[in-house]
Amino acid sequence: MSERTALTLACTDDVHLAEVLDRAQLVDGSRVRDVRSSSPLAPSLAERVPTRIPRVPIFAILGGGLGGLAADLIASLTAQADPMITGHMPIVAAPPVGIITYEGIALGAVLATTLGVLIECRLPSSRRNSEVASRVARGELVVTLDVPANAADELSRLAEPITR
Amino acid sequence: MPCNRCHTGVERGPVAGLPPVSLCVRCHKRFIPEHPEIVKLVEMYESGEPIRWRKINAMPPAAAVQFHHAAHIKAAVACETCHGDVSNMTLAVRVVNTADMGWCVDCHVENEASIDCLTCHH
Amino acid sequence: MTNDLQERENRLVGRLSLDRFRPGLVVGAGLTGLVALVFFYAWGIQLRDGIGVAGINRPVFWGVYITTFVFWIGISHAGTLISAILRVTGAEWRRPVTRCAEAITLFALSVGGLFPILHMGRAWKVYFMLPIPNSRGLWPNFRSPLMWDAAAITAYIVGSFLYLSLPLIPDMAILRDRSKGWRRRVFGLFALGWQGSAQQWRSLESGIKVMAVVIIPLAVSVHTIVSWDFAMTQVPMWTSTIFGPYFVVGAIYSGIAMLMIAMALLRWGMDLGDYLSDKVFNNLGLLFCAMTLAWGYFTFAEHLTVWYANEVAEARVLWSRFTGKWAGPFWTMVIVNFVIPICVLPFRWGRKPLPTALVSLGVLVGMWLERFLIIVPSLELPRLAYTLGDYTPSSIELMVLIGSVGLFAFFYFAFTMNVPIISVWEVREGWEHENSHSGAAAAAAAPQTDARTPEPAGGGS
Amino acid sequence: MKRRTFLKTSALAAGASLLQSCAEDEQYLVQPLERQPGRPGVSRWLNSVCGQCQAGCGTRIRIVDGDARKIEGQPDHPINHGGLCALGQAGLQDHYNPDRVRTPLTRSGSRGSAGPLEELAWHDGLAQAARAIAAASPESLYVVSGGRSAYVDALLARLTQALGAAPPAIGQVPGAETERAALARILGPGRALPAYDIAAADYVLSIGPAFLDRGHQPVQGTWAMAQVRSATAGRRGKLVQAEARMSQTAAFADEWLPIRPGTEGVLARAIAGALAEGGLLREGSQAALYSQLFPAAAPSIEEAAATCDVPAPTIARLAAELGRADRPLVLAGGSAALTRNGEFSTLAALAINLLLAGFDREGGVSVSEPAAGYDFRDLGEIEAGARSGGTYVVVEADPVHTRPEGRGWREALSAAESVIVLGSFIDETALYADVLLPLHSDIERFGAVEASGIARPTVSLARSAVAPLYDTRHPGEIVLALGAALDQRDALPWDSFDAAAQAAFDARYDDGTGGAWSQALDGGAFQAERAEAVLPEKLAAFDGPEPPASTADGELTLVLFESAKYGDGRGANKPWLQELPDTMTTFMWSSWAEISVADSQTQGIRTGDLVEIRSAQGKITVPAAVRPGARPGTVAVPLGGGYTDYGRYAAERGENPLALVGAETVAGTTAAALVGTGVSLRRVGPGDPAIYGRGLRDAEQIPTGWASMAKGGDH
Amino acid sequence: MTRWGMVVDTDRCTGCEACVVACAEENNVQTVGEEEAKKGRAMHWLRIERAVEGTFPEVSVKFRPVMCQQCGEAPCEPVCPVYATYHTDEGLNAMVYSRCVGTRFCANNCPYTVRTFNWFDPEFPEPLDRQLNPDVSVRVDGVMEKCTFCVQRIKEGQRTAKGEDRDVEDGDIQPACASACAAQVFTFGDLEDPESKAAKLSKSPRARHLLADLGTLPGVIYLEDQEWNPGTDVS
């Protein structure tokens, strides 16, 4: 198998990017690695870039469960730690504990969601490429292709390659 | 020398109390009368000037706590438990942080004394 | 097209102009900062002399402090809740609104959260209310609605902060890449090294969606629990089953009012008319109008039941509101909260920035009065008529009230100075959606790209 | 976290440097030189005698570490049976009052002003006092006593007698003079007070006296009414109160007759007539004596109804109930004795007991002999006499404040040659003192009080309960010392007050064994057998003025009364009592004017508004208390307000209603007429009095329900 | 098991207010002064309510001493976030000053408005401070307080009984108000001891709870006024 090369091209806009992707498809063995943009890609393009399904919802559910459990324990155990009778209420009264648990779930969920997002995005990270970044900031769409070396030049003609 | 020799109230009442200066003087006339502090004491007594003792184990007023000595003595709690070995102190120091309720509670729990808040706080 | 997209983004970032010194904002922050000092001054006096410097007495143990607490917590429902609802429903016009709304939430909560501490007789003992292990072996009493409050507000303030921060990351990246020197470093810090890869966008958006779903029930629970501080008691006209929804509706109502005012000020002060456009005002105005009706409905229901049942203790309170010493404030509330909005908001002209802002001002006053009228008359007229009270706020209480407004405004100014008050990437995404609606244009444009000659290699490097 | 640290942190945030950190709370134990009585921290209860009024209740003082902490009634004391009144409870604030006079003082400035007063050594003070007395001519030596202890007064009497001066004038419960006079008309000359056996009665008609508010025996009265009403007594007795003002007694009563002030006598006569005509006389009824006393035909029930403003059927029913009751009792005097025709009213009421066979029976009327046979006179006698110059010795009394403005005490004392005051506070009389000799408080002194107005002669005795706080003395000791200084040794041979008291006691009560005294001293009280009230064969017809003193048209009738918390004003310097919400009006820290709903509406007066009350004598401005229970046409104001000085708690609070009262006396006596002055009322403007439960406005009108939709429910 | 309670015979109350002073004296209740009193901040733990009915001349007044009702199911207790007020196993509605943070929620939720609050630190100008009861803590500013049934006297009574190896007998313990009252309006005792005077009186047909319909199950029982009935009264 001939050696491959990673090619980073800067496209001016969605249409241009779409065209590049079309071409890249014709080259067999070429793969789209990633597209960087200063705002989310249009759905039609996004689906052509291979991405994993984020596991953020799972984080949220787990976090909610943990938070709820913790809150429930705090509310019920502390009540039993010093069982003081107030207004003839049960020491561990279901409704208040329920309310505290509810808040615990919410708190756990939001925290876990944030954590999930950071993990899924590999943030915080220090990997920076000022060239790419400044182009993205200029509104260009930077696509990184994984193509056979021989196809590189041809594709490079479609859009301006970014040297690394 | 037993504490209650001078702190006479300790078995019968809420506070141990201090001896009247006359009592201190009566003994110290005989024991170490030349000790500068004792000389000062005798002078104060003769000049009829009462002494202001600094309270070492003072409860902070905001703690709103009532401590009954006699009850504890009756329960065979030694003075040293709270006051430390005063007899070997030249200057009395606070050995137990009386403001730390946890310390009281632990002791009450060990000895199965009441831990109802009102027992002390009223 | 991109260049045109980029043009628009440049213009927007220019308007936000975070790299320039803006006297308006600085002066605003300075002035409101001074007012905020009044808050701390008054609180200092109270801590030194005792809670007695407030006008509260027996039996009116709660007064302006709790009123203002409920008021700010209510305001906080502007942002997060509204923006969450709009995000979940995918309302396109939300895009420029969300951030300035969420900011309101965060700061209203921070200010409101101070009041429960401020109104305590011994604020320095506030840690008694935290579940931290201690030698006393004592814990807070989670059977108390105040502890529910503590839990709910904590969760809500954390949630709102994160919900505000997540969408901020890409904007920080944008600013980082657009600015130089120390600004670049600072923004870089907050951007967390965001690169805008497809994966990141996808994860971020799913995160925001999840968050939005979690935040809505949380926000609802917060003000419900605040209402339960009252509804759990035996106090006449407090122990009411509809207090939960009643308070939530009131909260959203006052929240929108505050948002309207903030938007109007931003629009004029920072020339953001193109983004906080009449369309936005119009849509939000419709929501505002709906809340007016909802609030009116709840208020009517609340008073009707008491009036009809005519139970002695509650009737006393009711009549002291209707015809008694509180008639003035009560009818003022009815007018500014219902009559005026209902005469203005249903009409298109009434949903323009200026009218809505004016209506909103009235609503803010009215909603504060509503909370005051829920708290004070009931406490003045306990069941045993022998200890009737009366209450007039003291100067300290009023200073705290005014100071808290200053504190909130100060936070908001400071935020606007340092953070894009409009979410740049979301707005841009909006524009793209607009374009991609005309997909044909894009297809037609495709062939031309053949002829495009690439710039000389390395031209960009 | 301490407030301090919290302040620091928040101060940081606020940048408020004005916050000072609180002082470190260090505690000290001051060690006494010699052993103190009692164990540290352990409470001892010692008997004492309440000296707040003349009643002589027995008290027990709780003492911890040498300080008195609590006053309570002696459980089995014959007078108060374990109870006390608010005034008595507050006795400790007499003892610990921050404004107490701590050393003898002498005046270097002009009289009538607080200063400058200079401290004085006791022997100098006594010498100065003795010199002044010696210098005075006997006929111009006026001795005035508050009458707190009969045994002190007895010593004063001996001193004046020895000096050849007039006997001491004793300040008394308002109306007492008249009650004495009335009783004398039935039992023949003497100075006994009528005493009532309320506890044993089953039907009590009180025409005038608010005997539960204050009066001769407030605590015993309260205890007695509990007996009358107690379910344990099988049948619950009834109390009917005929009084112009709704006092606490009237409120407590089963039935209240809001009678027109000054017409009590007419009601009494009508009831008597109804008893006689209704054939309701019982065995032992003294109908003959009654008709000798009142030869004229009794007014008909209808006439009386018209005069007294009490429905005729009510009068008839009362007569019937009285006639049928087992042990009916009619109380006389009190407010009825304070009108200008007070003697008639009191006598007429008292005389009903003749028809009820009420003298000398269980649950009836008997006499209370004046204490340990000494001679005294009424304050009025001094006021009536022409006074120029003169030397005044005032013992535990404040005539300047407690006597009507028209009695001219200020002028008299300003013009006096010298004024010697024995008292514990700088009250309005002390402001005129040349020498002020400070006294022990009740619990510091050897207590010896002979009760008045109680059926069985009773002496309360107790030793000093606590060591004196300051350089003060027992009034008795001072009198003895003065006697010695004036070399009246043979008149006052004792060298201590308790010796003198014992001599007086033994002279009257000792059965020869001498045990009574020591028993009483340990037990707290001695009680003798009931004094016989021997009815004479024949009675002289009453010749005093009968017609009620009516006030001019359009004017309101002023009713002055002793409130349960101020008394005649002595309670005004005690913070507990000042902050005590008056039971009927809930006023605190001020005096007030009770106005009827009707009168308030004509002038648009609301509770709390300031009203000006003006009489021929003067005017006062006090907050109004609109009361459903107030009788239209009357304005009731409590005594004891408006001190110019009497310590920080009393000074400048409310106003003194006696400024409205002139020199009018109760006809036939020298007693001041405190009820019946004609006054006019004017709303000055809104006021801001301290009222407990301030929402209570406009006679308890609170908006409820649909009715207030029309009315407008302002509370 | 003990349930401290008090029976109040309103038929005997003359409104003399000796109990009110006695309470302040026993429990170191601060005097707030005129200005504070005007604001409605008087601190009495015990008040004499007077109910006025009718219009002149048919006016009737009833007196009713009202103190903390020591509710069995107290509304004030559960709302406290820090357990500063709770229920003891002797049926007392306890108030722990040093735990109180001053949210004043309990006072709002007390249907009898018997709780009072220390708005400022108390002042006892020398030598009034020498009167203070050493068995009762002086409250600092910012804490709630209320009638405690004179818990210090209860503790003292129990300590004495324990010292003499016996149970507390009925009548051993008297709150300050009860011992001050000349009319014996108050009867204090253990409601669960069928032999106690208080328990017996609480069975009386005249026995009522204040605001009974709220179901707070007070430990204070009021005996209603009784009418004078000529039928039984006059022979």
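Keep in mind it's a predicted model, so treat the numbers as computed, not measured. Numbers restart at 1 for each chain; the letters A, B, ... are given by sequence-line order, proteins then strands.
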Side chain, backbone, both or neither: which part of [X] has a heavy atom under 4.5 Å from chain A?
{"X": "C/Gln195", "result": "both"}
{"X": "C/Leu166", "result": "side chain"}
{"X": "C/Pro145", "result": "neither"}
{"X": "C/Pro170", "result": "neither"}
{"X": "C/Asn141", "result": "side chain"}
{"X": "C/Trp194", "result": "both"}

Below 4.5 Å from any heavy atom of chain C, which atoms of [X] appear? Answer side chain, backbone, both or neither.
{"X": "A/Ile74", "value": "both"}
{"X": "A/Leu77", "value": "neither"}
{"X": "A/Thr113", "value": "side chain"}
{"X": "A/Ile105", "value": "neither"}
{"X": "A/Leu111", "value": "both"}
{"X": "A/Ala46", "value": "neither"}
{"X": "A/Phe59", "value": "neither"}

Which one, [options], leads in non-hydrogen pairs under 4.5 Å with chain C?
{"options": "A/Thr86, A/Val136, A/Val49", "result": "A/Thr86"}
{"options": "A/Pro40, A/Pro96, A/Ser39", "result": "A/Pro40"}
{"options": "A/Val142, A/Ile53, A/Leu45", "result": "A/Ile53"}
{"options": "A/Pro124, A/Ser134, A/Gly116", "result": "A/Pro124"}

Using a cut-off of under 4.5 Å on heavy-atom pairs, state which of [options] scores highest against chain A.
{"options": "C/Asp171, C/Leu138, C/Ile169, C/Val213", "answer": "C/Leu138"}
{"options": "C/Gly193, C/Ser206, C/Gly196", "answer": "C/Gly196"}
{"options": "C/Met211, C/Arg202, C/Glu429", "answer": "C/Arg202"}
{"options": "C/Ile215, C/Val424, C/Val210, C/Ile208", "answer": "C/Val210"}

Which heavy atom of [X] sits nearest to which heavy atom of [Y], and what is that distance?
{"X": "C/Ile174", "Y": "A/Ser38", "result": "CD1-O, 3.9 Å"}
{"X": "C/Gly207", "Y": "A/Val117", "result": "CA-CG2, 3.5 Å"}
{"X": "A/Ala106", "Y": "C/Val214", "result": "O-CG1, 4.0 Å"}
{"X": "C/Asp177", "Y": "A/Ala137", "result": "CB-CB, 3.4 Å"}
{"X": "C/Gln199", "Y": "A/Arg52", "result": "OE1-N, 2.8 Å"}
{"X": "A/Thr51", "Y": "C/Ala198", "result": "CG2-CB, 3.8 Å"}

Can you tell me how far [atom2] of [Y] sits from [atom1] of [X], rounded to the nearest 0.5 angstrom?
{"X": "C/Gln200", "Y": "A/Asp34", "atom1": "CD", "atom2": "CG", "result": "8.0 Å"}
{"X": "C/Ile132", "Y": "A/Thr78", "atom1": "CD1", "atom2": "OG1", "result": "13.0 Å"}
{"X": "C/Asp149", "Y": "A/Glu103", "atom1": "CG", "atom2": "CD", "result": "9.5 Å"}
{"X": "A/Asp72", "Y": "C/Phe142", "atom1": "CG", "atom2": "CZ", "result": "11.0 Å"}
{"X": "A/Asp13", "Y": "C/Gln6", "atom1": "CG", "atom2": "CD", "result": "11.5 Å"}
{"X": "A/Cys121", "Y": "C/Leu204", "atom1": "SG", "atom2": "CG", "result": "6.0 Å"}

4.5 Å side-chain heavy-atom contact, C/Pro217 and A/Tyr102: yes

A/Leu26 atom CG: more than 12 heavy-atom contacts under 6.0 Å: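 Result for CG/A/Leu26: enclosed.
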
Side-chain donor-acceptor contact under 3.5 Å, C/Ser197 with A/Arg36: no

C/Trp201 versus A/Ser37, side-chain donor and acceptor atoms under 3.5 Å: yes

Verdict with reasoning, C/Trp148 to A/Ile100, per side chain to side chain contact (heavy atoms under 4.5 Å, CB included): CA-CA 6 Å; C/Trp148 311 347; A/Ile100 300 297; 3.9 Å; yes

Partners passing salt bridge (charged side-chain N to carboxylate O under 4.0 Å, His left out) against C/Glu426 (at least two apart in sequence or in another chain):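 Counting only residues at least two positions away or on another chain, C/Glu426 forms a salt bridge (charged side-chain N to carboxylate O under 4.0 Å, His left out) with C/Arg87, C/Arg94.
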
